[in-house]
Amino acid sequence: MLERIKQLLEEVSQLTAANPEEAEALRIRYLSKKGEISRLMEDFRTVPAEMKKELGMRINELKNRATERINELKAAAAAQETTADDVDLTRTPYPIAMGTRHPLTIVKNEIVDIFSRLGFTLAEGPEVEDDWHVYSSMNFADDHPARDMQDTFFVEAHPDIILRSHTSSVQARVMERTQPPIRVICPGRVYRNEAVSARAHCFFHQVEGLYVDKNVSFKDLKQVLLLFAQEMFGPETQIRLRPSFFPFTEPSAEMDVSCTICGGKGCSMCKGSGWLEILGCGMVDPAVLEANGIDSTIYTGYAFGMGIERIANLKYQVKDLRLFSENDVRFLEEFTAAN
Ligand code: DAH
């Protein structure tokens, strides 16, 4: 019997299987109830008592070796079985770092999303504009200081062609081709001839809103802006409107939200006032409606405009405006989770 065990041990150590079926056949041959090892166990019963200990150990060893070997063969055969269907050819051969959305894109998307839910549709206009759409049609007087070289980038040799200094130009673009009801939200990049510093940049981003229809009132404007502020900064947020002046709105206002950091108690962010200014707004000046082909005796409208960098600063406390355009990946990667 010892001989037979040795022989089987030898056999087991040399087993091979080309596929899972062959490996299974080996399991049946050696390890099943009617297999070689079970047969040995039967014979074992008739062995004289003094040999039982030694033989028992040997049979156990054989059984363990056979199980180990056959399991190995099964695993190897299964691994080889992979077919073309199991291979994901679209996977990259090496891990690639995923990009992140730019914080300004995140905030812009959020603003657009909030107003879309209120029924506003998206409108865009060109960054290289003419004086009419940026200034004249928006009721800027010929000698308004914003037209000055200090503010506006002119395209050389074309005093009429400029880089838009605000997205209000898109209001004009929309009104000249559409009759009311108009309800649009217009995100975009704007340019101003300013020295670049932590607090000012020669380009930045704005979102413009415009609503023109019959019976649009200041009350509607206030309600929409309150909803926006609470969606953007949280349901506890309060707003206040302060009288202001813009050439294209009458009356005009600036809107503050209760401080996003201290909630209104006063802190360094709001310089102790409890309020943060976030946008300009007002009722569209009838002169603007008329300049853009809309009958101001029938229609009224409201408009508002806000800086995306400003809102992003309030949400993420970015201290230096330049970070938004430097594309430093260490800064950009901080916004991974915000996607
Ligand atoms: N265009 C203004 C700016 O660049 C922002 C603005 C204020 C837009 C009031 C508006 C508005 O539509 O009603 O500073």
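Just so you know, ligand 1 is whichever comes first in the structure, and atom 1 is the first atom listed for that ligand.
- Taking CZ of Arg173 as the start and SG of Cys186 as the end, the distance is 12.0 Å to the nearest 0.5 Å.
- In this structure, the side chain to side chain donor-acceptor pair (under 3.5 Å) partners of Tyr191, at least two apart in sequence or on a different chain, are Glu127.
- No chain of hydrophobic side-chain contacts below 4.5 Å, direct or via other Ile, Leu, Val, Met, Phe, Trp or Tyr residues, connects Val196 to Leu163.
- In this structure, Tyr30 shares a hydrophobic cluster with Met1, Leu2, Ile5, Leu8, Leu9, Val12, Leu15, Leu26, Leu31, Ile37, Leu40, Met41, Phe44, Val47, Met51, Leu55, Ile59, Leu62, Ile70, Leu73, the cluster being traced through Ile, Leu, Val, Met, Phe, Trp and Tyr side chains under 4.5 angstrom apart.
- Within 4.0 Å of ligand 1, protein heavy atoms come from His166, Ser168, Gln171, Arg192, Gln206, Glu208, Phe246, Phe248, Thr249, Gly280, Cys281, Gly282, Ala303, Phe304, Gly305.
- Scored by the side chain to side chain donor-acceptor pair (under 3.5 Å) test, Ser169 finds no partners at all (sequence neighbours excluded).
- Around atom CD of Glu50, more than 12 heavy atoms belonging to other residues, nucleotides or ligands sit under 6.0 Å away.
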